[in-house]
Amino acid sequence: MGKYNEKYFSGETKEYDVEQLVGEGENILWRAKPKRKAFILGKVFHMLPFALLWLLFDGGFITMLIATGAGEQMPPFLIVFLVIFFVIHLLPVWIWISGILSAGVAYKNMEYVFTDKRIIIKSGAIGVDINNIYYTDITGVNLRVGLSDRLLHVGDIYISGKGKAQVLWDIENPYPVVNDLQKIVNDIKTDTYFPNDLRPDTNEGFRTKYTGK
């Protein structure tokens, strides 16, 4: 039995660089990151109305206790209970704040890549997650451009398929990107699923190298 090499799959490096994820004979057709300004603002405005209402409600109740002097008349154990209660009750606010604070790290780790074989989505705020979507598994490519997206000239590309739907957030000039992605998906799925009975004996359509032409 041969010696087990624990670094065979993990490699020598610790950084998750896209070039290390691309296999032999695989070519990068497009790569990009979300637009930084749009991505950070998206984290700020995400949950903002809900978090502010939650904070105003709890803050108003705490202010009322302090203004009326009710807190001074409470036994110590009840004060401790209320402090713990509001720390837990304000969880939506803490989640909103943590999302804003981690936005910079999340942006640094994010990258989207189209190759001639698959889509690679790199993301993560604490660790790094790599999701692969093969073109033959894709059932739909849709674009969402909201009001704020129009102002910032970005859009979100939704990719649905056999697995969990994935989103490419805050892509600059999204319309040509969506058109190109739809063409790649159509070309590669056609080449893959074209009935073998209709192929020539040389089978020139099999194992062809996608050129995008």
Side-chain angles (χ1 to χ4, degrees), residues 11 13-23 26-52 91-189 210 212:
T13 57
K14 296 181 179 180
E15 295 293 332
Y16 288 87
D17 192 3
V18 170
E19 278 76 9
Q20 299 172 23
L21 303 174
V22 176
E26 186 176 9
N27 301 298
I28 295 177
L29 305 176
W30 176 87
R31 65 189 298 180
K33 294 174 69 70
K35 187 174 182 179
R36 182 180 178 86
K37 182 178 180 180
F39 181 78
I40 300 297
L41 287 177
K43 291 294 184 180
V44 173
F45 289 113
H46 179 64
M47 288 181 59
L48 177 61
F50 180 75
L52 288 180
L91 183 60
V93 178
W94 308 138
I95 293 175
W96 173 63
I97 293 174
S98 66
I100 296 174
L101 295 178
S102 62
V105 178
Y107 174 81
K108 181 181 178 182
N109 290 336
M110 294 185 77
E111 189 170 9
Y112 309 127
V113 178
F114 299 165
T115 76
D116 52 1
K117 299 183 183 297
R118 56 184 166 150
I119 297 173
I120 302 173
I121 300 178
K122 178 170 169 264
S123 61
I126 300 177
V128 175
D129 299 325
I130 303 295
N131 288 304
N132 296 288
I133 308 174
Y134 290 89
Y135 296 116
T136 52
D137 293 334
I138 295 176
T139 58
V141 177
N142 299 293
L143 175 64
R144 179 184 179 277
V145 180
L147 178 60
S148 59
D149 295 329
R150 288 186 180 182
L151 296 176
L152 296 170
H153 305 289
V154 298
D156 302 326
I157 301 175
Y158 289 77
I159 303 173
S160 56
K162 294 181 180 179
K164 180 181 178 181
Q166 300 289 337
V167 184
L168 311 184
W169 300 104
D170 302 314
I171 300 300
E172 290 191 77
N173 300 317
Y175 296 102
V177 177
V178 168
N179 290 336
D180 289 344
L181 177 56
Q182 289 174 334
K183 184 177 186 303
I184 294 171
V185 172
N186 181 69
D187 289 349
I188 291 182
K189 290 183 75 171
Y210 180 73

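Everything numeric here is computed off the predicted structure, so don't read it as measured data.
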Could you tabulate the donor-acceptor pairs under 3.5 Å formed by side-chain atoms of residues 160-168, not counting sequence neighbours?
residue	atom	partner	partner atom	Å
S160	OG	G140	N	3.4
S160	OG	G140	O	3.4

Query raised in the report: Is the backbone N or O of W169 less than 3.5 Å from a side-chain atom of Y112, with the two atoms forming a donor-acceptor pair by type?
Result: yes
Query - Sub-4.5 Å side-chain heavy-atom contact between I159 and I133 - result: yes
Query raised in the report: Mind checking whether D116 and I184 have side chains closer than 4.5 Å, heavy atoms only?
Result: no
Query raised in the report: Can you name the residues that form a side-chain hydrogen bond (donor to acceptor under 3.5 Å, both in side chains) with E172, not counting sequence neighbours?
Result: none
Query raised in the report: Do the non-hydrogen side-chain atoms of I120 and T115 ever get within less than 4.5 Å of each other?
Result: yes
Query raised in the report: Q182: what forms a side chain to side chain contact (heavy atoms under 4.5 Å, CB included) with it, not counting sequence neighbours?
Result: V141, V178, N179
Report task. Please round to the nearest 0.5 Å and tell me the distance separating atom CE of M110 and atom CZ of R36. Result -> 12.5 Å
Report task. Please list, chain by chain and in numerical order, all residues satisfying ring pair (Phe, Tyr, Trp, His ring centres under 6.0 Å) with W30, sequence neighbours excluded. Result -> F114
Report task. Decide if atom CZ of R144 counts as having more than 12 heavy atoms of other residues, nucleotides or ligands within a radius under 6.0 Å. Result -> no
Requested in this report: Kindly write out the residues that satisfy ring pair (Phe, Tyr, Trp, His ring centres under 6.0 Å) with Y134, not counting sequence neighbours, or none if the list is empty.
Outcome: none
**Report entry** Qualifying residue for side chain to side chain donor-acceptor pair (under 3.5 Å) with K183, from N186, D187, D180
**Finding:** D187
Requested in this report: Evaluate the criterion side chain to side chain contact (heavy atoms under 4.5 Å, CB included) for residue pair L181 and V185; output intermediate values, then yes/no.
Outcome: CA-CA 6 Å; L181 177 56; V185 172; 4.1 Å; yes
Report task. Heavy atoms only: give me the nearest V145-R150 pair and the separation to one decimal. Result -> CG1-CG, 3.5 Å
**Report entry** side chain to side chain contact (heavy atoms under 4.5 Å, CB included) against A106, all qualifying residues, sequence neighbours excluded
**Finding:** F39, A125
Query - Side-chain (D156) to main-chain (D170) donor-acceptor, under 3.5 angstrom - result: yes
Query raised in the report: Do K122 and V128 come within less than 4.5 Å of each other through their side chains, counting heavy atoms only?
Result: yes
Query - Minimum side-chain heavy-atom gap I119-V113 below 4.5 Å - result: no
Query - CA sep, side-chain torsions, deciding dist, call: L41, L152, side chain to side chain contact (heavy atoms under 4.5 Å, CB included) - result: CA-CA 10 Å; L41 287 177; L152 296 170; 4.2 Å; yes
Query raised in the report: Roughly how far apart are L143 CG and Y175 OH, rounded to 0.5 Å?
Result: 5.5 Å
Query - Separation of D129 CG from N131 CG (nearest 0.5 Å) - result: 6.5 Å
Query raised in the report: Can you check whether G124's main-chain N or O pairs, donor with acceptor, with N109's side chain at less than 3.5 Å?
Result: yes
Query - Taking every non-hydrogen atom, the tightest pair across G155 and P174 - result: N-CG, 3.7 Å
Query raised in the report: Side chain of K35, backbone of H153: donor and acceptor closer than 3.5 Å?
Result: no
Query raised in the report: Centre of Y107's six-membered ring, under 6.0 Å away, within 45 degrees of the axis: is that where NZ or CZ of K33 sits?
Result: yes
